[in-house]
> 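Structure incoming, see below.
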Protein chains: 2
Amino acid sequence: MSVKPTLASVAKEAGVSIPTVSQVMRGTGRISEQTRKKVLQAAKKLHYVTDSRAAAMRSGEYHEVGFLINQLSNPFNAEVISGVVDLLDAEGYLVSVLDTRDDAARQSRHLDAFIRQRRGGLIWVPALQTDDDTLAMLAAQAVPTVSFMRPANAQMDYVGIRNAEATAMATRHLIELGHRHIAYLGGVGMNFVRKQRVEGYVHTLSAQGLGEGIVWQCPENKLAGLSAMQELMHKHPQVTAVVCNGDMVAIGACLALARDGLVAGHDMSVIGFDDIQDAIVATPPLTTMAISPKNLGMRLARVLLDRMRDPKAPATATEVSAKLVLRQTTGVPG
Amino acid sequence: MSVKPTLASVAKEAGVSIPTVSQVMRGTGRISEQTRKKVLQAAKKLHYVTDSRAAAMRSGEYHEVGFLINQLSNPFNAEVISGVVDLLDAEGYLVSVLDTRDDAARQSRHLDAFIRQRRGGLIWVPALQTDDDTLAMLAAQAVPTVSFMRPANAQMDYVGIRNAEATAMATRHLIELGHRHIAYLGGVGMNFVRKQRVEGYVHTLSAQGLGEGIVWQCPENKLAGLSAMQELMHKHPQVTAVVCNGDMVAIGACLALARDGLVAGHDMSVIGFDDIQDAIVATPPLTTMAISPKNLGMRLARVLLDRMRDPKAPATATEVSAKLVLRQTTGVPG
DNA sequence: TCTTTTAGATATATCGTTATAGCATAAATA
DNA sequence: TATTTATGCTATAACGATATATCTAAAAGA
């Protein structure tokens, strides 16, 4: 294997100076057609590729952004990422994804490494337990940053979901179907998103005089949803409907029903959140609060682009609404 | 927002020279305890974080690696990634994930951007239609690279799966159960992985005098698996068992059966590949050729580490075996 | 013919680090 | 006391690129 090609080696190969090569590569300055060809040929021969870190160091222009996500294995997130990448890719940015797994220590390490790389911008879902030191560090670095799902503070752009509105809508839907004992299932701890969602659920219940509700925890995956639903049914047999924190949990809940020979939408109503691809092929197909993850991702990307172009503009907060998508897991109480 | 802190600003704050700060930050050289404290305090106050690009440029040491994956939304890949990250994170490397979506043009753009960043290492699943130019470019850059799933060429390390062995095992299992009309379902085009898997299937069939088999294409997701299975059953009603290219397709196939009121493992045997988490909670639970994705990821990481430590060592090829995990989607012909 | 303009290239400084060598001052040795 | 050695810090050059200024030769104008 040869050594990495640099401007210097290309310049030598083409018999010109280093700045000349630099100008040819970027299409700036006054260069004769003859020299241009000579340089391009040499660059091609040596497989020259610009060292963007060295370039960025001098020019101050960064075309790399990072995306710190809290759970890479969640298909909803994967689709958001694809939306972000689609738009930023078209604008000439490289998007690198890092998985924090919602662990503050891991996030801190990743964030440190990210800052060390001096990328152009950052999108992140602040991990649970994110401490003030981390926020102070991030602010000190002056990196254009957008918070996703969970707002970090008022000085930082934020893109998220109207969570309370969505769960209120879901709960209302179940009440209108005639349900009186509705539980909330999913999510762990009282993080921002879950707090909002639970609030929307609780407020709607109490506004209708249906008590304080039943709130049940579980991690965001199918297996956890399955066993949580089993426990819930055992402890609270009067429940006839559940609002779920996410589709994975909702699908898990439906699996629990199926194991007991029950049918979702008939014996028990289940409503999800996210509208992941699995929701459509689930049996029965899942009624859910739909977010278009791809659009959400593109919105995120646009906010980040705006921030990078104008670092001094006031911070923005963007919230998108969820839409109730009726499929077959909700119905009148059986 | 303040300007980004540098060694120079910390040096000024602490009243010492730039090299002194550099030495304190890295714990090298001879520094008095007094100066050390002074510098650390100044660094903390300004939230100084090393610019790793500038550092790497001088020292030649890179602690960032990239992972170009062909499908981020596939949970199997997500688990492989988590294995890679776990090990490399512990060794002080930052892993950035890029999604090529198996598109050669997108891969080419990402690879270019990656090379421009001069990272320390690369793991990639060469996209379908990867051209020789791309390989030549990569070779010219002298970046430690490991190919995953699909070998790029003999000069490059490779970590993958014993595909033919696995599908042969799967096919043999079905034959032993008494099946005589076994189809192969899933995958698109004749890429390396699919070719090997189909070969394992075809050889086993013909060795048993069961003809050439039926090979059916479809993308690696549940919905595609569902409709492909419907078509397959319509065109080839004699088929009683299918070997699938992946669990997503297998689960989709089971959904197709359920829609027709059929039961996998009884009316039709289905065997998957990967053993993703969904395989366990599928109804019925999926029989599959299991790979431990996390271990695979850690293996990958170790090969990359070895390569980075010794760039001149001969290229290695590592293949892991799949294990038949019996659940409920295979049984005697109904 | 002499000056001015312009095209086409290059010299030089710089970005934020690290590596190497060097230079004081204090301590240890002869 | 003179010399060596160790300690603690700094000057300088480099990494690979870009920005700015400069320089030469040819073309255009006076």
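Each chain gets a letter, A, B and so on, in the order its sequence line appears, and its residues count up from 1.
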> Restricting to side chain to side chain donor-acceptor pair (under 3.5 Å), what partner residues turn up for B:T130, sequence neighbours left out?
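Applying side chain to side chain donor-acceptor pair (under 3.5 Å) to B:T130 gives B:Q107.
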
> Collect all protein-nucleotide pairs involving nucleotides 4-9 of chain D in which both atoms are nitrogen or oxygen and the distance is under 3.5 Å.
residue	atom	partner	partner atom	Å
D:dC9	OP1	B:S32	OG	3.0
D:dC9	OP1	B:T35	OG1	2.1
D:dC9	OP2	B:S32	N	2.7
D:dC9	OP2	B:S32	OG	3.3
D:dC9	OP2	B:T35	OG1	3.2

> Please tabulate, one pair per line, each protein N/O and nucleotide N/O from nucleotides 13-17 of chain D that are separated by under 3.5 Å, including the distance.
residue	atom	partner	partner atom	Å
D:dA14	N3	B:R58	NE	3.1
D:dG16	N2	A:A54	O	3.3
D:dA17	OP1	A:Y48	OH	2.8
D:dA17	OP1	A:D51	N	3.4
D:dA17	OP2	A:L7	N	2.3
D:dA17	O5'	A:Y48	OH	3.4

> State, to the nearest 10°, the angle formed by the axis through the first five base pairs of the helix from C:dT1-D:dA30 to C:dA30-D:dT1 and the axis through its last five.
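So the angle between the two local helix axes works out to 60°.
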
> What residues form a side chain to side chain donor-acceptor pair (under 3.5 Å) with A:D86, not counting sequence neighbours?
A:K294, B:R101

> For B:R109, give me all partners under salt bridge (charged side-chain N to carboxylate O under 4.0 Å, His left out), at least two apart in sequence or on another chain.
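For B:R109, the residues satisfying salt bridge (charged side-chain N to carboxylate O under 4.0 Å, His left out) (neighbours in sequence not counted) are A:D89.
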
> Decide if atom NZ of A:K38 counts as having more than 12 heavy atoms of other residues, nucleotides or ligands within a radius under 6.0 Å.
yes

> Taking side-chain contact (heavy atoms from CB on, under 4.5 Å) as the test, write out the residues that go with A:H63, two or more places apart.
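With sequence neighbours excluded, A:H63 shows a side-chain contact (heavy atoms from CB on, under 4.5 Å) to A:E61, A:Y93, given in chain and number order.
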
> Which pairs count as salt bridge (Lys or Arg N to Asp or Glu O under 4.0 Å) when at least one residue sits in residues 132-159 of chain A, sequence neighbours excluded?
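Every salt bridge (Lys or Arg N to Asp or Glu O under 4.0 Å) pair that includes a residue of residues 132-159 of chain A, provided the two are not neighbours, is A:D102-A:R150, A:D157-A:R307.
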
> Got a sec, which residues hit salt bridge (charged side-chain N to carboxylate O under 4.0 Å, His left out) with A:R36, two or more places apart in sequence or on another chain?
A:E33

> What is the 5' to 3' range of DNA chain C, first to last nucleotide, that sits under 4.0 Å from any heavy atom of chain A?
C:dA7 to C:dT17

> Taking side chain as C-beta onward, heavy atoms only, is B:M298 less than 4.5 Å from B:S82?
no

> Answer yes or no: does atom CD of B:Q41 have more than 12 heavy-atom neighbours from other residues, nucleotides or ligands under 6.0 Å?
no

> Tell me, please, which residues at least two apart from B:T134 pass side chain to side chain donor-acceptor pair (under 3.5 Å).
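Counting only residues at least two positions away or on another chain, B:T134 forms a side chain to side chain donor-acceptor pair (under 3.5 Å) with B:D131.
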
> Checking side chain to side chain contact (heavy atoms under 4.5 Å, CB included) between A:L122 and each of A:V146, A:L111, A:L304, which is the one that passes?
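Of A:V146, A:L111, A:L304, side chain to side chain contact (heavy atoms under 4.5 Å, CB included) with A:L122 is met by A:L111 alone.
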
> Under the side-chain contact (heavy atoms from CB on, under 4.5 Å) rule, collect the residues that match up with B:Y48, sequence neighbours excluded.
B:P5, B:L7, B:V10, B:M25, B:A43, B:T50

